[in-house]
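Remarks on the structure that follows.
A note on names: the letters A, B, ... follow the listed sequences, proteins ahead of strands, and every chain is numbered from 1. Side chains included, hydrogens not; waters and symmetry mates left out as well; all remaining heavy atoms used. Just so it is clear, the model here is predicted, and its values are computed rather than measured.
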Amino acid sequence: GENVEQHPSTLSVQEGDSAVIKCTYSDSASNYFPWYKQELGKGPQLIIDIRSNVGEKKDQRIAVTLNKTAKHFSLHITETQPEDSAVYFCAARYSSASKIIFGSGTRLSIRP
Amino acid sequence: ETGVTQTPRHLVMGMTNKKSLKCEQHLGHNAMYWYKQSAKKPLELMFVYSLEERVENNSVPSRFSPECPNSSHLFLHLHTLQPEDSALYLCASSQGTSGSTDTQYFGPGTRLTVL
């Protein structure tokens, strides 16, 4: 069935270190993988996305990698800062048209 | 700001009340979505509208009734809700629903509490 698994559910990282969040999906035809950041009291905000025709994408301190063979993708945040503390959601667009399935979220805390 | 606004931001209602949530997008998008976000659960897609037509109804109880009068506005009408319906209701929009047009932008949500 349609499913996106996300790990870990919580992550605590020392400021300045890197954080990695991993997701797996079940539909091999999935072709679009966005990542969202949700701060307290706000809606999810798109931070980066990747489509299945590329294996990696970077935007400053944020990068996403995609392994289509293994059906998993990861978010990498380098040189973490206090403002990176939030809940992060991965998602995958399934081949069944308009549906994007979200992971269960990772609560990232940056320790000063 | 993402260009998607939602009102009210907070709503408390009794089980016999009727209320409506409103979403407006200022992005010129053609698709709009309602999601439910409960504690410790993934975002649940409720409804999808594309060009003002409902294209997805994700087995949502009839006590939730969506309305999309035009491509910029989306409503969620609520009646005889249950306490378990308490959640954050998020609206999102996208340019389209396929190909490279499906990136979704979310509003801030309405925090709903059903007593």
Side-chain angles (χ1 to χ4, degrees), chain A residues 1-11 21-27 29-54 57 59 62 64 86-107, chain B residues 1-7 9-10 21 23-25 27 29-51 53-60 87-111:
Chain A
E2 301 163 343
N3 190 39
V4 175
E5 294 196 2
Q6 182 171 348
H7 300 281
S9 57
T10 60
L11 179 61
I21 302 170
K22 298 181 179 181
C23 290
T24 59
Y25 59 97
S26 55
D27 183 358
S30 292
N31 56 12
Y32 174 59
F33 307 90
W35 284 89
Y36 287 85
K37 174 184 180 182
Q38 186 173 22
E39 297 175 275
L40 195 62
K42 297 184 178 180
Q45 180 182 6
L46 180 73
I47 55 172
I48 195 168
D49 57 13
I50 191 169
R51 298 195 183 266
S52 58
N53 57 344
V54 297
K57 184 177 178 181
D59 183 4
I62 294 174
V64 57
V87 179
Y88 291 81
F89 293 94
C90 63
R93 182 178 183 278
Y94 276 72
S95 54
S96 57
S98 54
K99 183 175 291 187
I100 290 183
I101 306 297
F102 286 81
S104 54
T106 296
R107 183 172 298 278
Chain B
E1 295 297 327
T2 62
V4 181
T5 59
Q6 289 186 243
T7 55
R9 294 294 309 276
H10 300 272
L21 309 184
C23 176
E24 183 174 0
Q25 57 96 1
L27 302 169
H29 287 170
N30 292 314
M32 297 186 77
Y33 310 77
W34 279 118
Y35 286 87
K36 177 183 178 182
Q37 187 176 36
S38 305
K40 299 183 179 180
K41 290 179 70 175
L43 278 163
E44 298 173 79
L45 179 65
M46 299 175 72
F47 302 103
V48 181
Y49 276 82
S50 178
L51 297 172
E53 288 191 15
R54 191 188 307 179
V55 297
E56 185 89 26
N57 179 352
N58 228 26
S59 302
V60 179
L88 182 69
Y89 288 84
L90 291 160
C91 173
S93 73
S94 63
Q95 185 178 351
T97 56
S98 62
S100 61
T101 66
D102 52 1
T103 301
Q104 294 182 23
Y105 297 88
F106 284 84
T110 295
R111 174 68 63 187

- ring-ring contact (aromatic ring centres under 6.0 Å, His included) filter on A:F89, not counting sequence neighbours, yields none
- Item | Atom group of B:Q37 that falls short of 4.5 Å from chain A, counting heavy atoms | side chain
- Query: Under the side-chain hydrogen bond (donor to acceptor under 3.5 Å, both in side chains) test, which residues partner B:Y49, sequence neighbours left out?
  - Reply: B:R54
- Query: With only heavy atoms counted, which part of B:R111 is less than 4.5 Å from chain A, the side chain, the backbone, both or neither?
  - Reply: neither
- Turns out that what part of A:Q38 lies under 4.5 Å from chain B's heavy atoms comes down to side chain
- Report the C-alpha distance between B:Y33 and B:F106 in whole Å, list the side-chain angles of each, state the deciding distance to 0.1 Å, and finish with yes or no for ring pair (Phe, Tyr, Trp, His ring centres under 6.0 Å). CA-CA 9 Å; B:Y33 310 77; B:F106 284 84; 8.1 Å; no
- Would you say the ring centroid of B:F47 lies under 6.0 angstrom from that of B:Y35? no
- Which residue out of A:P44, A:P34, A:S104 racks up the most heavy-atom pairs below 4.5 Å with chain B? A:P44
